[in-house]
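Structure first, then comments.
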Amino acid sequence: MRRDDTVAGMLLYARTDEEIVPDEDYQMSGNRISVKTLDLGQEFPVIKEQFDKIVTEYFTELG
């Protein structure tokens, strides 16, 4: 990998009953790493809406 190459990645978690809900973005050596949570305890259309929102925001911000 050349020095000017960057990568992006995402860890996607299923929501649990824990109080801490991961939803953060980090920059590591110029690379974007995101941690997001989906609430899979919902009806499928709601899960799809959550996922679509994450994808839209993530790829819009990546440019």
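Just so it is clear, the structure is predicted and the values come from calculations on it, not from any experiment. Hydrogens, waters and symmetry mates play no part in the numbers below; they use all other heavy atoms, side chains included.
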- CD/Gln50 to CZ/Arg15 distance, rounded to the nearest 0.5 angstrom?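 CZ of Arg15 is found 8.5 Å from CD of Gln50.
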- Item | Gln27 atom CD: more than 12 heavy-atom contacts under 6.0 Å |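 Result for CD/Gln27: enclosed.
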- Message: Does Glu49, at its CD atom, have more than 12 non-hydrogen atoms belonging to other residues, nucleotides or ligands within less than 6.0 Å?
- Response: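 Atom CD in Glu49 is not crowded, with 12 or fewer foreign heavy atoms closer than 6.0 Å.
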Under a single-linkage definition using a 4.5 Å side-chain heavy-atom cutoff for Ile, Leu, Val, Met, Phe, Trp and Tyr, are [X] and [Y] assigned to the same hydrophobic cluster?
{"X": "Val55", "Y": "Ile47", "result": "yes"}
{"X": "Leu40", "Y": "Ile54", "result": "yes"}
{"X": "Tyr13", "Y": "Tyr26", "result": "yes"}
{"X": "Tyr58", "Y": "Ile33", "result": "no"}
{"X": "Leu38", "Y": "Leu11", "result": "no"}

- Any sub-3.5 Å donor-acceptor pair from Ser34's side-chain atoms to Met10's backbone N or O?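 The answer is no, because no donor-acceptor pair under 3.5 Å joins these two groups.
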- Query: Do the side-chain N and O atoms of Thr6 and Asn31 include a donor-acceptor pair separated by under 3.5 angstrom?
  - Reply: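 Side chains of Thr6 and Asn31: no pair found under 3.5 Å.
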- Message: Could you report the tightest heavy-atom contact between Thr37 and Pro22, atom names first, then the distance?
- Response: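 Shortest heavy-atom contact: OG1-O, 2.6 Å.
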